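Note sheet for the following structure.
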Amino acid sequence: MNPAAAEMMEQLIHRGIRDPRVLDAMAGIPRENFVPENVRDTVYSDQPLPIGYGQTITQPYMTALMAELLELRGSEKVLDVGTGSGYHAAVLGKLARRVVSIERIPELCVMARANLAQAENITVLCGDGSLGVPEEAPFDAISVAAASPHTPPALIDQLADPGILVIPVGSRDQQDLRVVRKQNGTITTRLASGCRFVPLVGSQGWPEDRREKD
Ligand code: SAH
């Protein structure tokens, strides 16, 4: 592992990531393959970075935290909303049986498919993930990497029982990472962390034409 990647792994442990499967998965994926060349030098620092089309690769700590909160053990079918360049999907692909990932920007779908070509258990779809992927439901776990004004009901409907959904909910500028658990027909929600994600743009997220900040 290169020194910058080793430093990232130390940071994740320092910040409280404990699940050895999550740490192993992240240690095994070359993050530099998921960003454009102009930001490769800083790809292992704990921050989001631009990937083009106004979007970002999520900061490593947030990717690790979300993956850990899903409590994956290897047998699950997972929905990943907001593929971007595909890094988080790659991590989930090492932790679960199958990953369906959906991205709304066609160019990023193409980029992610190329980045994930070796990962046979990951499918990248192009479309509005705020509606989930009903034809592939139910999902044992759902991860949303874009900020929503509320938890989209379609995603709760498509969650298996038992199942866990993690999603940033709040304003365009600031959100709470919600952990929504479905168990024995009951939905419970807790807040795991403050966070800041790019907006979930779609019929159950923010409207397409609002580009300015609140
Ligand atoms: N998972 C990525 C994060 C990318 S940023 C990673 O590993 O770093 C979030 C992504 O969500 C952006 O690429 C954005 O285009 C996408 N997105 C926003 N709204 C969406 C929607 N309704 N459906 C699918 N993707 C969406």
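Being a predicted model, the structure only gives us computed values, none of them experimental. One-based numbering, in listed order, for ligands and for the atoms of each.
No donor-acceptor contact under 3.5 angstrom links the side chains of T58 and H88, judged on distance only.
Between E71 and R21 there is no salt bridge, since no side-chain N of the basic residue sits under 4.0 Å from a carboxylate O of the acidic one. A salt bridge links D19 to R73: one of the charged nitrogens lies within less than 4.0 Å of a carboxylate oxygen. We find that R98 and E120 are not joined by a salt bridge, their nearest charged nitrogen and carboxylate oxygen being 4.0 Å or further apart. D24 has no carboxylate O lying under 4.0 Å from a charged side-chain N of K94, or vice versa, which leaves the two without a salt bridge.
Listed by atom number, the atoms of ligand 1 under 4.0 Å from T83 heavy atoms are 1 (N), 2 (C). Taking every heavy atom of I57 and a limit of under 4.0 angstrom, the matching atoms of ligand 1 come to 8 (O). Distances below 4.0 Å separate heavy atoms of V198 from the following atoms of ligand 1: 5 (S), 9 (C). Near L108, the atoms of ligand 1 lying under 4.0 angstrom from a non-hydrogen atom of the residue are 13 (O). Atoms of ligand 1 lying under 4.0 Å from at least one heavy atom of D128, given by number and element, are 21 (C), 22 (N), 23 (N). Within ligand 1, counting atoms from 1 as listed, the ones closer than 4.0 Å to a heavy atom of G129 are 21 (C), 22 (N), 23 (N), 24 (C). Atoms of ligand 1 lying under 4.0 Å from any heavy atom of T58, numbered from 1 in the order shown and given with element: 3 (C), 6 (C), 8 (O). In summary, the atoms of ligand 1 found under 4.0 Å from a heavy atom of H88, numbered by their order in the structure, are 1 (N), 7 (O).
Within the 4.0 Å heavy-atom cutoff, G127 counts among the residues contacting ligand 1. Using a non-hydrogen distance threshold of 4.0 Å, P199 registers as a contact of ligand 1. Using 4.0 Å as the threshold, G205 has no heavy atom nearer than that to any atom of ligand 1.
Closest heavy-atom approach to atom 16 (C) of ligand 1 among the candidates E103, R31, M62, Q59: E103.
With contacts defined as side-chain heavy-atom distances shorter than 4.5 Å, the pair M8/V43 does not qualify. You'll find the side chain of I29 reaches within 4.5 Å of the side chain of V91, heavy atoms only. In this structure, the side chains of L177 and L191 stay at 4.5 Å or more apart for every pair of heavy atoms. Q183 is not listed as a side-chain neighbour of T188, based on a closest heavy-atom distance of 4.5 Å or more.
Residue I51 does not touch ligand 1, judged by heavy-atom distances below 4.0 Å. Within the 4.0 Å heavy-atom criterion, both parts of R104, backbone and side chain, lie near ligand 1.
The protein heavy atom nearest to atom 14 (C) of ligand 1 is Q55 OE1, 3.3 Å. Looking only at protein heavy atoms, the nearest one to atom 1 (N) of ligand 1 is G82 O, 2.8 Å. In terms of protein heavy-atom proximity, atom 4 (C) of ligand 1 is closest to T56 O, 3.1 Å. Annotation: atom 9 (C) of ligand 1 to nearest protein heavy atom, A145 O, 3.4 Å.
Seen from the ring of Y87, R31 counts as a face-on cation partner, given the 6.0 Å and 45° thresholds.
Here's the thing with V201: one of its N/O atoms is less than 3.5 angstrom from an N/O atom of ligand 1.
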Report the C-alpha distance between Q175 and V169 in whole Å, list the side-chain angles of each, state the deciding distance to 0.1 Å, and finish with yes or no for side chain to side chain contact (heavy atoms under 4.5 Å, CB included). CA-CA 5 Å; Q175 306 94 33; V169 174; 5.7 Å; no
Are R104 and E208 close enough, and set up right, to give a salt bridge (Lys or Arg N to Asp or Glu O under 4.0 Å), and what steps lead you there? CA-CA 11 Å; R104 67 179 281 270; E208 179 126 23; 2.7 Å; yes
